[in-house]
Asker: 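One structure is given below, represented as structure tokens, and several questions about it will come after.
Only heavy atoms go into these numbers, but all of them, side chains included; no hydrogens, no water, no symmetry mates.
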Number of protein chains: 2
Amino acid sequence: MVARTNSRTVDRKAAKADAGPALSREAVIDRALDVADREGLAAVSIRRIAQDFDVTPMALYWHVKNKDELLAAMGDRVIDAVDVPDLPGPGGLGRLRPLLQRLVGMLARHPGSTELVQYRILQCPRGQLLAEQALTVLAEAGFDQQRRAELARAALQSAVMLVVGAPGAEVSVPEPDRQALRESKRAALAALPADRFPQLVQCAGAMFECDDPEAYYADGIDLFLAGVATLAGRLGTS
Amino acid sequence: MVARTNSRTVDRKAAKADAGPALSREAVIDRALDVADREGLAAVSIRRIAQDFDVTPMALYWHVKNKDELLAAMGDRVIDAVDVPDLPGPGGLGRLRPLLQRLVGMLARHPGSTELVQYRILQCPRGQLLAEQALTVLAEAGFDQQRRAELARAALQSAVMLVVGAPGAEVSVPEPDRQALRESKRAALAALPADRFPQLVQCAGAMFECDDPEAYYADGIDLFLAGVATLAGRLGTS
DNA sequence: ACCTGAACACCGTTCAAGT
DNA sequence: ACCTGAACACCGTTCAAGT
């Protein structure tokens, strides 16, 4: 309370304390993830993040090579936060389910950065583990190398798709207008001529809202697993 | 060849002829689609397109409300170019296949703009027709309203996913470096410890290259249809 | 109706310089 | 090691003005 040696320095430090933790690579990535989830990925800029830390834009370049590398690091961070359990011994295609559930669960916690995951998942440790396990399950189900790779990719992409394409997502739009945008889209469908578009008119509501995300994700995973199971069943016959 | 009234005007027109067709909303959208497909969506900017037309950036604002509207129009253009056939009378889930084939086929011709389609498909006529038909088929297969909507969305999104997520896609990266980037990704997987990542090492090649896109798309559509068929089969039993 | 000029508030990034 | 200042080449967009 008393020993202020230099008011200027103290003020600076106080301001920084208000603005959050000290600048560091980790802190920058964390902040970027936060901004992406709350305001959309488009809101993430070097200058904006710098401002949040009360620092010059060029200061970030010490901790991060450039914006592309920051985006990649954001994707990596999300993937590496997935808790991938050990693959249970021998077993069926059902072993894919927990993998997808955990991946989707984590992505849903970072909708703003989910699209980044798509390009990074095979380049970072946790994603590689995930892919290795999926490939193993698919191999044991009898899929050849080509099919195995295709289906493993499809699995990871389905997870990404479920989250970015969820009925209420539209992560690019900041929260405030999101509801309104959704409603206007719904109204446009509901206003279609009912004789030519009976289904769309009837399903207008269900197309844009998702009152139970958990059920939606579970259904999406079911759909993927059902497809893989059916393809596996055809392996002998064709 | 003779009656030049004003050399300045003639030169201007000649220069414009070199730069392409006259400025118009249609021409702007066409040009933007072209740039997106060749250099990635990030290369599409108001100023860049204006430059291609040898015109001031502000000139574009006469033909297009703003950049967002331009992007939306690009998506609409791609969707409305899909040739949607009439839905054949009563029949099974197999009727979804031609719908998906035509959609995927068109998207594959515009990989740079495919991600735009995701947000516009339910707002433009051809996309609405596509959705209506998909919903009809799903309804006739016995899916309730909620499931119908989910699966129709999944169908459209799977098409988008197949194209943007195709092994060699990476549409954001301009052609030149694309091959190199793919190769470096492959090498990274191939260099993994073979005892912990046997599958990934083995499938490294198949994960990043796609020597037969047609087969890849067909497999993706098969996977989706197999999933839907299986879910339909479960409808009575659960 | 259609386009330009000037201006504003944003970007990412480099490079030399400070501490 | 870590940060700043100045500068550059880009963005989207508005507004008044030209033809």
Side-chain angles (χ1 to χ4, degrees), chain A residues 5-6 8-17 19-29 31-32 35-36 39-74 112 116 172-174 177, chain B residues 5-17 19-32 35-36 39-74 112 116 172-174 177:
Chain A
T5 50
N6 180 325
R8 205 106 204 302
T9 307
V10 168
D11 286 355
R12 261 275 187 162
K13 281 190 179 163
K16 269 197 184 171
L23 198 58
S24 75
R25 185 179 165 86
E26 300 304 293
V28 166
I29 297 169
R31 183 75 198 145
V35 171
E39 305 171 40
L41 195 56
V44 174
S45 77
I46 295 284
R47 295 180 113 106
R48 156 66 191 275
I49 302 296
Q51 208 171 19
D52 287 358
F53 279 101
D54 227 342
V55 114
T56 272
M58 293 74 77
L60 292 209
Y61 284 89
W62 183 260
H63 304 277
V64 127
K65 188 160 165 277
N66 54 33
K67 189 178 175 182
D68 276 354
E69 203 231 13
L70 171 58
L71 294 175
M74 291 167 66
L116 299 173
S172 53
V173 171
D177 320 313
Chain B
T5 50
N6 179 324
S7 71
R8 204 108 203 304
T9 308
V10 170
D11 286 356
R12 261 272 186 165
K13 281 190 178 163
K16 269 197 183 170
L23 197 60
S24 75
R25 186 180 163 85
E26 299 304 292
V28 167
I29 297 169
D30 278 342
R31 183 75 197 146
V35 171
E39 304 170 41
L41 196 56
V44 174
S45 76
I46 294 284
R47 295 180 113 106
R48 156 66 191 274
I49 303 296
Q51 208 170 19
D52 288 358
F53 278 102
D54 227 345
V55 116
T56 273
M58 295 74 78
L60 292 210
Y61 283 89
W62 184 259
H63 304 277
V64 130
K65 188 160 165 276
N66 54 33
K67 189 177 177 183
D68 276 353
E69 203 232 12
L70 171 58
L71 294 175
M74 291 167 66
L116 298 173
S172 52
V173 170
D177 319 314

Asker: Provide the Watson-Crick or G-U wobble partner of dT13(C), both distances under 3.5 Å; none if there is no partner.
Answerer: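 WC or wobble partner is dA7(D).
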
Asker: If I take atom CG in residue Asp54(B) and atom C1' in nucleotide dT4(C), what distance separates them, rounded to the nearest angstrom?
Answerer: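 In whole Å, dT4(C) C1' lies 14 Å from Asp54(B) CG.
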
Asker: Whole angstroms only, please: what is the CZ-C1' distance between Arg48(B) and dC10(D)?
Answerer: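 Computing the Arg48(B):CZ to dC10(D):C1' distance gives 13 Å.
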
Asker: As a test of reading the structure: which of dC3(D), dG12(D), dC3(C) is closest to the side chain of Ala59(A), going by heavy atoms?
Answerer: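 For Ala59(A), the side-chain atoms sit closest to dC3(D).
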
Asker: Counting side-chain heavy atoms from C-beta on, which of dG5(D), dC3(D), dC3(C) comes nearest to Leu23(A)?
Answerer: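 For the Leu23(A) side chain, the nearest candidate turns out to be dC3(D).
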
Asker: Using whole Å, what does the distance between atom C1' of nucleotide dT14(C) and atom CG of Leu60(A) come to?
Answerer: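 Rounded to whole Å, this separation is 15 Å.
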
Asker: So which nucleotide from dG12(C), dC11(D), dA6(C) ends up closest to the side chain of Ser45(A)?
Answerer: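 Of the candidates, dG12(C) comes closest.
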
Asker: Within a strict 4.5 Å, meaning less than it, do heavy atoms of the Asn66(B) and Ile46(B) side chains meet?
Answerer: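 The answer is no; the side chains never approach within 4.5 Å.
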
Asker: Ignoring hydrogens and angles, tell me if any N or O in the side chain of Ser24(B) forms a donor-acceptor pair with the backbone of Ala27(B) under 3.5 Å.
Answerer: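 Flag set: sc Ser24(B) to bb Ala27(B) pair under 3.5 Å.
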
Asker: Give none if dA1(D) has no partner; otherwise give the nucleotide forming a Watson-Crick or G-U wobble pair with it, both distances under 3.5 Å.
Answerer: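 Here dA1(D) is engaged in a pair, and the nucleotide opposite it is dT19(C).
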
Asker: Could you please name the option among dA6(C), dC11(C), dC3(D) that lies closest to any side-chain atom of Arg47(A)?
Answerer: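 Closest of the options to the side chain of Arg47(A): dC11(C).
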
Asker: For residues Lys67(B) and Val44(B), report the shortest heavy-atom separation together with the two atoms involved.
Answerer: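 Of all heavy-atom pairs spanning Lys67(B) and Val44(B), the closest is NZ-O, 3.1 Å.
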
Asker: So, for Ile49(A) and Ala32(A), which heavy atoms are closest and what is the spacing to 0.1 Å?
Answerer: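 Residues Ile49(A) and Ala32(A), closest heavy atoms: CD1-CA, 3.8 Å.
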
Asker: So, do Val28(B) and Arg25(B) sit near enough that their side-chain heavy atoms are less than 4.5 Å apart?
Answerer: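 Not touching, per the 4.5 Å side-chain cut-off.
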
Asker: Can you see if the side chain of Tyr61(A) gets near the phosphate of dG12(C) - specifically, an N or O under 4.0 Å from OP1 or OP2?
Answerer: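 Negative; the distance criterion is not met.
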
Asker: Please report the distance, rounded to the nearest Å, between CG in Leu70(A) and P in dG12(C).
Answerer: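 In whole Å, dG12(C) P and Leu70(A) CG are 10 Å from each other.
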
Asker: When the distance from CD of Glu69(B) to C1' of dT13(D) is rounded to whole Å, what number comes out?
Answerer: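 Rounding to the nearest Å, CD of Glu69(B) and C1' of dT13(D) are 14 Å apart.
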
Asker: The side chain of Ile46(A) is closest to which nucleotide in this list: dT4(D), dG12(C), dT4(C)?
Answerer: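 Side chain of Ile46(A) sits closest to dG12(C).
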
Asker: On the nucleotide dA1(C), are OP1 or OP2 found under 4.0 Å from the side-chain N or O atoms that His63(B) carries?
Answerer: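 Checking dA1(C) against His63(B), no side-chain N or O comes under 4.0 Å of OP1 or OP2.
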
Asker: Please report the distance, rounded to the nearest Å, between NZ in Lys67(A) and P in dC11(D).
Answerer: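 Going from NZ in Lys67(A) over to P in dC11(D) covers 14 Å.
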
Asker: Tell me whether the side-chain N/O atoms of Thr56(A) come closer than 4.0 Å to OP1 or OP2 in dC3(D).
Answerer: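 For Thr56(A), the contact criterion (side-chain N or O under 4.0 Å from OP1 or OP2 of dC3(D)) is not met.
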
Asker: dA6(C), dT4(D), dC2(C): which one has an atom nearest the side-chain heavy atoms of Met58(B)?
Answerer: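 Of the options given, the side chain of Met58(B) lies nearest dA6(C).
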
Asker: Nearest whole Å is fine: how far is dC10(D) C1' from Gln51(B) CD?
Answerer: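 Answer to the nearest Å: 11 Å.
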
Asker: Could you state the atom-to-atom distance from CH2 of Trp62(A) to P of dT4(D) in whole Å?
Answerer: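 These atoms are roughly 13 Å apart.
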
